[in-house]
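What follows is one structure encoded as structure tokens, with my remarks underneath.
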Amino acid sequence: MSKATRPDRQANKYTDMKILILNCGSSSIKYQLFDMNRKSIPAKGVAEKVGLKGSFVSLEKENGEKVVFEGEIIDHLVGIEYILGIIISKKHGCIANLDEIDAVGHRVVNGGEKFHSSVYITDEVQAEIEKFSQLAPLHNPANLKGIYAMKLLIPGIPQVAVFDTAFHQTLPEYAFMYAIPYSLYNKYGIRRYGFHGTSHYYISRRACEILNKDIKKLKIITCHMGNGSSMTAIHNGKSVDTSMGFTPLEGLIMGTRSGDTDIGVLTFIMDKEEIGISAANTLINKQSGMLGITGVSSDMREIEEAATKDKNHRARLGLDMFIYRAKKYIGAYVAAMCGVDLIIFSGGIGENSPAIRKAICECLGFMGMEFDDKKNEGTKAKEAVISKPGSKVTIMVVPTNEELVIAEDTMRIVTEMSGKT
Ligand code: ADP
């Protein structure tokens with residue numbers, strides 16, 4: 001790390017770090033400023049519609065104050081400059097100047113087979129992330145824009161990459177390979193990578209902390225269900241299978257993504273509708289899933305309302321399909337691990353929809369699981385055990401906190417690096 005450009009950074013400073021977390025998407029930049037000493041978030045928000053009309057940056061401060069700043073954000077560099085300007089501004093800011101930011105942690109979607117854990121971003125690491133852009137063309141290039149921008153805006157600031165794929169690098173070969181010609185794995189790295197790894201990691205660790213149990217002795221199924229959804233089988237603390245694959249398209253039914261679908265369906269549609277790769281990608285990523293089935297929305301709240309209040313058939317069908325797919329994955333992962341001790345729900349749907357949690361768990365009583373209806377009903381967006389005390393399988397709700405993992409990894413890695421310089 002360049003101490004020349006960051007002269008005030010002493011080793012003992014690292015327990016008192018302020019870390020900026022960036023999650024750059026193609027047209028949005030989510031940010032959180034962590035104060036690691038106070039374990040607080042003085043500022044967080046998002047720059048939306050980057051590169052589009054009507055762009056703005058939102059800010060939420062620790063005291064609950066919320067402000068929206070409208071302005072033209074032509075690209076990620078401008079967006080991040082805008083965010084930094086806001087958090088140091090006299091009127092709305094929470095730090096006096098940019099020197100108070102000790103490090104930046106980035107969410108990076110695909111780290112290929114190279115990165116099994118979070119890393120300090122050097123020029124070599126940056127080049128590897130660039131290389132993996134071909135595996136995640138919708139995600140890695142946007143993540144990289146955040147890295148480039150910070151290099152320009154605060155030269156020399158330590159940066160760390162935390163990969164969505166890293167936690168799943170422990171999958172055994174028989175679980176990560178696809179049954180297509182082996183040469184394509186060698187040629188292009190086609191295999192299951194899995195995503196949402198930081199969330200699956202966090203909720204499994206946090207649940208064990210709450211239960212005071214040793215993760216190395218448990219079989220866990222984590223269900224991250226939000227706009228994007230995935231499930232992971234975690235055996236003795238390691239990810240052994242996960243529902244997302246080469247891309248975040250495989251597995252559960254999602255807001256606008258199809259999840260598991262016979263590949264033959266896609267080639268048939270491309271042929272009949274005379275569409276190319278780009279339109280086919282849009283079809284399965286943006287027009288399918290809950291939106292495609294229900295025609296109502298991709299938002300689970302609106303779908304649940306349409307199914308119950310309006311008795312909308314397609315909304316009901318979508319819900320039934322979503323629940324059925326989730327149940328099948330739980331069954332598959334119980335078989336994969338020869339049992340299960342703990343099932344955890346998280347993500348916008350998993351944390352907030354008692355009806356969906358109940359429907360998924362309803363027929364799992366044969367495994368000795370005793371679901372507690374009352375606790376389930378009373379649990380929204382908070383940590384809770386929703387199975388009965390004597391249940392053979394524990395069911396929990398644990399709100400995810402990927403940003404905290406990114407902040408902690410960033411602090412740890414930057415501290416280690418400071419010891420080496
Ligand atoms: P992302 O994957 O973009 O991070 P979230 O984890 O925030 O998304 O999840 C968004 C999903 O959670 C949406 O489908 C939304 O409808 C759903 N959701 C949020 N609150 C509720 C609720 N109270 N009941 C049912 N679904 C909910």
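Whatever order the structure lists them in is the order used to number ligands and atoms, beginning at 1.
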For Asp299, all residues meeting salt bridge (charged side-chain N to carboxylate O under 4.0 Å, His left out), sequence neighbours excluded | Arg301
Run the salt-bridge test on Asp35 and Lys39 with the 4.0 Å N-O cut-off and return the result as yes or no.
-> no
Output the set of protein residues with a heavy-atom contact under 4.0 Å to ligand 1, ordered first by chain identifier and then by residue number.
-> Gly226, Asn227, Gly228, Ser298, Asp299, Met300, Arg301, Glu304, Gly347, Gly348, Ile349, Asn352, Ser353
In chain order, what residues pass the salt bridge (charged side-chain N to carboxylate O under 4.0 Å, His left out) check against Glu273, with sequence neighbours excluded?
-> none
Keeping the roles fixed (side chain from Tyr178, backbone from Phe246), state whether a donor-acceptor pair exists under 3.5 Å.
-> yes
Those residues at least two apart in sequence (or on a different chain) that pass salt bridge (charged side-chain N to carboxylate O under 4.0 Å, His left out) with Arg314 are none
Evaluate whether atom CZ of Phe268 has more than 12 neighbouring non-hydrogen atoms of other residues, nucleotides or ligands under 6.0 angstrom away.
-> no
